[in-house]
Student: 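Have a look at this one before I ask anything.
We name chains A, B, ... by the order of the sequence lines, and we start the count at 1 in each one.
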Number of protein chains: 2
Amino acid sequence: MVTNFDKKNFIKNFKINCKKIQIKKFLKGETVTTYIEKRNQICIVLSGEVDLIRYDVNGNKTIIGHFVENDIFGEVFYPANTNNELFITSVKKSEILFFTYDTLFEKCEFECNFHKELMNNLSELFIDEIIDLNLRIELLTKRSIREKLLSYFEILSKRSMRKIFTIPYTYTDLADYFSVDRSSLMRELKMLIDEGFIKKEGNKITLLF
Amino acid sequence: MVTNFDKKNFIKNFKINCKKIQIKKFLKGETVTTYIEKRNQICIVLSGEVDLIRYDVNGNKTIIGHFVENDIFGEVFYPANTNNELFITSVKKSEILFFTYDTLFEKCEFECNFHKELMNNLSELFIDEIIDLNLRIELLTKRSIREKLLSYFEILSKRSMRKIFTIPYTYTDLADYFSVDRSSLMRELKMLIDEGFIKKEGNKITLLF
DNA sequence: ACAAATCTGTTGCATTTGCAACAGATTTTA
DNA sequence: TAAAATCTGTTGCAAATGCAACAGATTTGT
């Protein structure tokens, strides 16, 4: 977080009564939106979790993004001219706020404060998103699965200020996040254990160095 | 580009006479800034090109970002708690604009318009940066070098609306961008040629499908 | 509470990728 | 414009990763 502005409160302190902004609820497995049409949509996760999924021409499915409470996503952030179909699926019961980037800067007929607040704080949300993306690139560009794991563990360790911490994903999802084969990831984990670098109990990891 | 706002003009139409914003010039090879200290710095490339370079604990050097005219970068966008040393080097003669995210929202003593404009247009710059990062992740998460190349070529082809187009990097840099070994990339290129998918003349590529 | 679905852990084998090394081409710099 | 530096193109071999397949554990849904 860059400043001490609090994303949660800024969103939740406002009663949203303006037509430019919509809130919808989704159940697990439902499709929240697709990135096919060009409508400059921006979304914020108010509660729950959603995945950004890519189906390529061969039908391969990859989770290329994962958004949790207060994360921002939307087709505005995606390059045009991609071949893939991208869409957002709800991982669990979720509440999503929708608005259109362009209309956000138009004056609201109800003069609602949410509008103004959202505009003011949009930069902070963008910066947080950029930080997340850079972190992922940081890890994706590591040369081996081992390096990916160790870098990621060190980050989690520093964040929690402990040598022991919990991975916030399943191993299946972690493999997706790193974009590597799950069984290869498990194998590398095992080697790290055997070589005495880490200890593992479920998704609790202890660094031994 | 999301709206029809023009980044170049917005920056160049203003005479910058406020102390909160600095412009510095750099020669090839000079270090523009480091991402070690936490000072919420944001930079915009006015002219030239810079690389974001990572040195990891083993001393391996990786180019993890490349910024050209009108691109935005800075330590604000990087997760804290990384082990790596990140710094920005000038690839050629460059002109860089510096400001601090926090002070941008303070009132300027000269009441200069640039301030206001910069604030208003910051979101657009952020969105463009997010689009670039998502594109890179899109490619990095492709499962093989072949898929990375083909996806990238298709994007370049669609952008230029031609089957023939020029890669805006050297092959060495492209390998860095994909985070793969250069010789492996060359080998895969050759296979694509031999199998009749593409034609290649220097960094001009023709799609044959 | 039971069935269904998903996730974990493991392995052998095929394939891809990385590494090292080098010669020639091209570009940059003094 | 000559020398230095960087980039291209290539190869053989080693190492890492992906793929397929499966059994048991865990979680989820009804």
Student: Taking atom P of C/dT6 as reference, at what distance in whole Å does atom CG of A/N203 sit?
Tutor: 19 Å

Student: In this structure, how many angstroms lie between the C1' atom of D/dA16 and the CZ atom of B/R143, rounded?
Tutor: 17 Å

Student: Take atom CE of B/M186 and atom P of D/dT10, then tell me their distance rounded to the nearest Å.
Tutor: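 That distance rounds to 7 Å.
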
Student: Is it true that B/K148 and B/E188 make a salt bridge, defined as a side-chain N closer than 4.0 Å to a carboxylate O?
Tutor: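 Answer for the salt bridge query: no.
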
Student: Of all heavy-atom pairs between A/R182 and A/Y171, which one has the smallest distance, and what is that distance?
Tutor: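 For A/R182 and A/Y171, the tightest heavy-atom pair comes out as CG-O, 4.3 Å.
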
Student: Would you kindly give the NZ-to-P distance between A/K190 and C/dG9, to the nearest whole Å?
Tutor: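 About 11 Å, once rounded to whole Å.
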
Student: Return whichever of B/E188 or A/K200 has its heavy-atom-nearest nucleotide of DNA chain C closer to the 5' end.
Tutor: A/K200

Student: Is B/S184 close enough to C/dG18 that one of its side-chain N or O atoms is under 4.0 Å from OP1 or OP2 there?
Tutor: yes

Student: Using whole Å, what does the distance between atom P of nucleotide C/dT10 and atom CG of A/L185 come to?
Tutor: 13 Å

Student: B/R146 has an atom CZ; how far is it from atom P of C/dT15, in whole Å?
Tutor: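 For the pair B/R146 CZ and C/dT15 P, the rounded distance is 14 Å.
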
Student: For B/D181 and D/dT8, what is the distance between atoms CG and P respectively, to the nearest whole Å?
Tutor: 14 Å

Student: Evaluate whether atom NZ of A/K200 has more than 12 neighbouring non-hydrogen atoms of other residues, nucleotides or ligands under 6.0 angstrom away.
Tutor: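 Check passes, neighbour count above 12.
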
Student: I need the minimum non-hydrogen distance between A/I64 and A/Y78, along with the two atoms involved.
Tutor: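 Scanning both residues, the minimum pair turns out to be CD1-OH, 3.9 Å.
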
Student: How long is the line joining NZ of B/K93 and C1' of C/dT29, in whole Å?
Tutor: 15 Å

Student: Should B/K24 and B/E95 count as an ion pair when the cut-off is N to O under 4.0 Å?
Tutor: no

Student: Quick one: label A/I145 by what it contacts on the DNA or RNA (base, sugar-phosphate, nothing), any heavy atom closer than 4.0 Å.
Tutor: sugar-phosphate

Student: Does one side chain, of A/T141 or B/R54, offer a donor that lies under 3.5 Å from an acceptor on the other?
Tutor: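 Short answer, yes.
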
Student: For B/S183, is there any backbone N or O sitting under 3.5 Å from a side-chain donor or acceptor partner on B/D181?
Tutor: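 Judged by distance alone, yes, a pair lies under 3.5 Å.
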
Student: Give the B/S/- string for nucleotides 21-30 of chain D, one per nucleotide from 5' to 3', where a protein heavy atom under 4.0 Å of the base yields B, of only the sugar-phosphate yields S, and otherwise -.
Tutor: -------SS-

Student: With side-chain hydrogen bond (donor to acceptor under 3.5 Å, both in side chains) as the criterion, how do B/Q41 and B/T33 come out once you've worked through the C-alpha distance, each side chain's angles and the decisive distance to 0.1 Å?
Tutor: CA-CA 9 Å; B/Q41 194 182 62; B/T33 185; 3.0 Å; yes

Student: Quick one: do B/R146 and B/E195 make a salt bridge, cutoff under 4.0 Å?
Tutor: yes

Student: Does anything in residues 164-180 of chain A reach DNA chain C, meaning a heavy atom under 4.0 Å, and if so which residues?
Tutor: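 Correct list: A/T170, A/Y171, A/T172.
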
